[in-house]
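Taking it in order: structure first as structure tokens, then the write-up.
Remember, predicted model here, so these are calculated numbers, not experimental data.
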Amino acid sequence: SLPPEEEAIVKDPSHLVLLCTCPTMEAAQEIASTLVEDGAAACVNIVTGLTSVYRWQGETRNDSELLLVVKTTAAAYRRAEETIQRLHAYELPEIIAVPVVKGLSDYLHWVTLQTSANQ
């Protein structure tokens, strides 16, 4: 069982890491840059060398993709999601939010500042 203060963070996290796959470096860079420039994310890592295996429209696919690791806040989540959906080429883009349960407080403060400036 978690201490009460950590349990509250898990139930209502203020910071999130979003995961989103992209088909090309150009698409990944456009989404990442827009998220950061618009203040929907503080930082986006673009991870190359990813192979995704999944089922789509009744067919098993095996595709090379890139992974965006997006650092944001719960308050900025909706803007990030809308930006990704607007710019993404996929009919159904992967957008998964993972709560940040712990982190360096100065870093998390920076994430909050970066994502609250353009609300």
Side-chain angles (χ1 to χ4, degrees):
S1 176
L2 294 172
E5 65 276 5
E6 289 185 23
E7 196 168 303
I9 291 170
V10 173
K11 288 181 181 173
D12 187 24
S14 57
H15 294 89
L16 302 170
V17 172
L18 306 184
L19 304 175
C20 177
T21 52
C22 293
T24 65
M25 179 58 81
E26 294 76 22
Q29 288 177 331
E30 179 185 17
I31 292 170
S33 296
T34 303
L35 287 169
V36 171
E37 289 169 8
D38 292 351
C43 174
V44 180
N45 304 115
I46 300 173
V47 182
T48 61
L50 182 72
T51 300
S52 295
V53 179
Y54 59 97
R55 291 203 43 89
W56 181 248
Q57 298 178 344
E59 178 184 323
T60 300
R61 304 285 307 262
N62 188 322
D63 293 329
S64 294
E65 295 183 300
L66 297 95
L67 177 66
L68 300 181
V69 181
V70 181
K71 275 69 77 157
T72 191
T73 60
Y77 173 81
R78 180 63 55 204
R79 287 185 292 137
E81 181 184 85
E82 289 171 355
T83 297
I84 293 168
Q85 285 186 303
R86 177 171 47 85
L87 297 175
H88 212 290
Y90 291 169
E91 179 182 339
L92 181 62
E94 172 187 3
I95 305 173
I96 297 175
V98 180
V100 174
V101 177
K102 285 189 181 284
L104 181 66
S105 86
D106 287 345
Y107 182 82
L108 296 178
H109 179 70
W110 173 78
V111 170
T112 300
L113 288 176
Q114 299 307 305
T115 58
S116 61
N118 295 330
Q119 285 191 31

Seminar exercise, completed: On a heavy-atom basis, the closest approach of Trp110 and Ala42 is CH2-O, 3.4 Å
Problem set entry | Exam field: side chain His88 to backbone Glu94, donor-acceptor pair closer than 3.5 Å | no
Exercise. About how many Å separate CD of Glu30 and CE of Met25, when rounded to the nearest 0.5 Å?
Worked result: 13.5 Å
For this session: Measure across Thr21 and Ser52 and return the closest heavy-atom pair with its distance rounded to 0.1 Å.
Result: CG2-OG, 4.3 Å
Exercise. Counting N and O atoms only, with roles assigned by atom type, does the side chain of His15 sit under 3.5 Å from a partner on the main chain of Leu108, one being a donor and the other an acceptor?
Worked result: yes
Exercise. To the nearest 0.5 Å, how far apart are CG in Leu35 and CG in Asp38?
Worked result: 7.5 Å
Exercise. Do Thr73 and Thr115 meet the criterion of a side-chain donor-acceptor pair at a distance under 3.5 Å?
Worked result: yes
Exercise. So, do Tyr77 and Ile95 sit near enough that their side-chain heavy atoms are less than 4.5 Å apart?
Worked result: yes
Exercise. Is Ile96 reachable from Val111 through a run of I, L, V, M, F, W or Y residues, each pair having side-chain heavy atoms under 4.5 Å apart?
Worked result: yes
For this session: Quick one: closest heavy-atom pair of Gln85 and Pro93, and the distance?
Result: CG-CG, 4.4 Å
Problem set entry | Side-chain heavy atoms of Leu68 within contact of Leu18, under 4.5 Å | no
Seminar exercise, completed: What one should report as the nearest heavy-atom pair of Thr72 and Ala76 is OG1-CB, 3.4 Å
Seminar exercise, completed: Value for CZ (Arg86) from CD1 (Ile31), rounded to nearest 0.5 Å, stands at 10.0 Å
Exercise. To the nearest 0.5 Å, what is the distance between CG (Leu66) and CG (Leu50)?
Worked result: 7.5 Å
Seminar exercise, completed: Tyr54 meets the ring pair (Phe, Tyr, Trp, His ring centres under 6.0 Å) criterion, sequence neighbours left out, with none
Problem set entry | Cluster check Leu19, Leu92: I/L/V/M/F/W/Y, side chain < 4.5 angstrom | no
Problem set entry | For the student: nearest non-hydrogen atoms of Cys22 and Tyr90, plus distance | C-OH, 3.9 Å
Exercise. Would you call Arg79 and Glu82 a salt bridge, taking side-chain N to carboxylate O under 4.0 Å as the test?
Worked result: no
Exercise. Which atom names give the shortest non-hydrogen contact between Pro99 and Leu16, and what distance separates them?
Worked result: CA-CD2, 4.0 Å
Problem set entry | Verify same cluster id: Val17, Leu104 (apolar side-chain graph, 4.5 Å) | yes
For this session: Determine, using the 4.5 Å side-chain heavy-atom cutoff (strictly less than), whether Val53 and Leu67 are members of one ILVMFWY cluster.
Result: no
